[in-house]
Number of protein chains: 2
Amino acid sequence: MLSGQGRLVAMSPRIAESSRPVYQQLADLLRVKITTGELAPGAQVPTEKALSEEFGASRATVRQGLMVLVNEGLIVSSRPQGYFVRRHELSYFRPQSEWDQPASPEMDRWMTEQTTLGRAPSQRINVEMIQPPDRVMDRLALSAGDLVVVRRRVRFLNNEPFNINDTFYPFGLVQGSEIVNPADITRGASEVLTELGYEQVRAIDEVEARMPLPDEVSRLELGPGTPVAVHRHTGYTKDDKPVRHTVNVLVGSKYVILFERTKPAGTGSE
Amino acid sequence: MLSGQGRLVAMSPRIAESSRPVYQQLADLLRVKITTGELAPGAQVPTEKALSEEFGASRATVRQGLMVLVNEGLIVSSRPQGYFVRRHELSYFRPQSEWDQPASPEMDRWMTEQTTLGRAPSQRINVEMIQPPDRVMDRLALSAGDLVVVRRRVRFLNNEPFNINDTFYPFGLVQGSEIVNPADITRGASEVLTELGYEQVRAIDEVEARMPLPDEVSRLELGPGTPVAVHRHTGYTKDDKPVRHTVNVLVGSKYVILFERTKPAGTGSE
DNA sequence: CAGTGGTCTAGACCACTCG
DNA sequence: GAGTGGTCTAGACCACTGT
């Protein structure tokens, strides 16, 4: 139960003390209770009916207020049990892991948190040969008509999908190699590229936050109010030739992307 | 106008061809038109009334469908003109710029796009001395009761806020220095830290996507369906002492965070 | 079966801008 | 003033889950 403050001030009629709409006031109230912990993660939010009676608003108005919180990612509805405060358990995602082990004690500590949880990782891989989307064509410095090999992966942790990972390779580079085989490459695709004579020594990473596309919603089993982090990684050889482009789509509410960087030697502090 | 397919199949009555709810079907239809470009960025979406008549659904149902798209960040409503397809213009944000100039031609090209647009940057700075939030305390390896100096900045581009940038320094390190002065430090705060004997040589970056808090909504003037990217940067000296922690909040739909990395010397490709 | 949220309707009044 | 979206009501039926 909320603590029974009585009715909220309606905006509509002539009364017009006029502040915020009722549904916003309701959302504000509940949001405060959530952020202060009065409504802890996992706790049940009062039912629509209860809120409606408590605040003297129609069920539709109460629902509108609850929808605000759903779209902010603060509560979820699990019908027909009711609404619950969402749990947020963040894990770390470390794209750099191909290159090195954690170089610092702090990094070590953070990674351990994730790996000690006894998770069961798995993945689904398939390989296609396609004409690349514009953005990929641009990053790999290809021309119209050039083909790429794409390894598409959906990664699971405890049977929950958490990551879409598509890696694109220029067709000419990987033709006939292990990379076109839809099986896990245990020693890592980087290793294979190195053997083929294309060692990556430099990379550019782009990270973007946006709302998911319907396709991503279904593949990652997302609810409303859940943004995704899109991480694009382009790897270059020492001759500045792009040899691989990876698009990672991560569930925003579940993963933090982690980078570690070292100041380039011989660079001024400007 | 939509192309007049006639009524959508309602779920509720006994008819029950039963597939998706009407409002979802409407959202799906419009979403396709948007993603295919039939409704281009900036174009007006048919009015609620028009959609209601065209599909034989009540205004409330049509609104529900439109709300889905609003919360996906695909359309915006500007009352009382109507709904419009949202424009997406992404710029690049490069946290690394303190350390070096773009090291590669690709990076140069991307940065130029951003800087040639003739924007007018500005910022508001204020400085406080506070007890750090838990997360900051943790990153700076401080103990309860330790104080930090925080420089809070809101950055504007053409008078539109695009970035909240709060940097925390352990109080002991920067006491009496220029950093506690709420003015722009043109030569960069890193430079000042170096002069104080705390040169940063290593950093850890964390990037997270989430929906904004109400505070961020107002400071960044965000609409619904707009996630933020939260970028946390912790800088260390060569003795592994954390000397600064920065929290950047960026509007997801406007900025891409860009990192450039070089393979650490002498590391195997594993 | 009772109770939950999900969907949908018909209708009302409001604030705002200038189609 | 006409038309837009924003807010709000009262009421209806549905699907689902758990006591």
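Numbers restart at 1 for each chain; the letters A, B, ... are given by sequence-line order, proteins then strands.
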At less than 4.0 Å, is any side-chain N or O atom of [X] found next to OP1 or OP2 of [N]? Yes or no.
X     : N     : result
B/Y23 : C/dT9 : no
B/T61 : C/dT9 : yes
A/S77 : C/dT4 : no

Rounded to the nearest angstrom, tell me the gap between atom [atom1] in [X] and atom [atom2] in [N].
X     : N      : atom1 : atom2 : answer
B/Q24 : C/dG6  : CD    : C1'   : 11 Å
B/M67 : D/dG5  : CE    : P     : 10 Å
B/Q64 : D/dC8  : CD    : P     : 17 Å
A/R20 : D/dG6  : CZ    : C1'   : 14 Å
B/I75 : D/dG5  : CD1   : P     : 10 Å
A/Q44 : D/dG18 : CD    : C1'   : 13 Å
A/Y83 : C/dG6  : OH    : P     : 4 Å
B/L66 : D/dT4  : CG    : P     : 13 Å

How would you label the contact of A/Q81 with the nucleic acid (heavy atoms, under 4.0 Å): base, sugar-phosphate, or nothing?
sugar-phosphate

Determine which pairs satisfy salt bridge (Lys or Arg N to Asp or Glu O under 4.0 Å) with at least one residue from residues 57-74 of chain A, sequence neighbours left out, and list them in order.
A/R31-A/E72, A/E48-A/R59, A/E48-A/R63

By nearest-nucleotide position on DNA chain D, the 5'-leaning member of B/V45 and B/A60 is B/V45

Upstream residue (5' side of DNA chain D) when A/R59 and B/K49 are each assigned their closest nucleotide
B/K49

B/V22 has a side chain; which of C/dT9, D/dC8, C/dC8 sits nearest to it?
C/dC8

Using the side-chain heavy atoms of A/S58, tell me which of these nucleotides is nearest: D/dT4, C/dT9, D/dC8.
D/dC8

So which heavy atom on A/P41 is nearest to which on A/R86, and how close?
CB-O, 3.9 Å

5' precedence on DNA chain C between A/E48 and B/P80 (nearest-nucleotide basis):
A/E48

Does the separation of the ring centres of B/H231 and B/F259 fall below 6.0 angstrom?
yes

With heavy-atom distances below 4.5 Å as the criterion, would you say the side chains of A/T226 and A/V251 are in contact?
yes

Is any N or O donor-acceptor pair between the side chain of A/R79 and the base of C/dG3 shorter than 3.5 Å?
no

When A/L250 is tested against each of A/V228, A/I257, A/L220 for side-chain contact (heavy atoms from CB on, under 4.5 Å), which residue passes?
A/I257

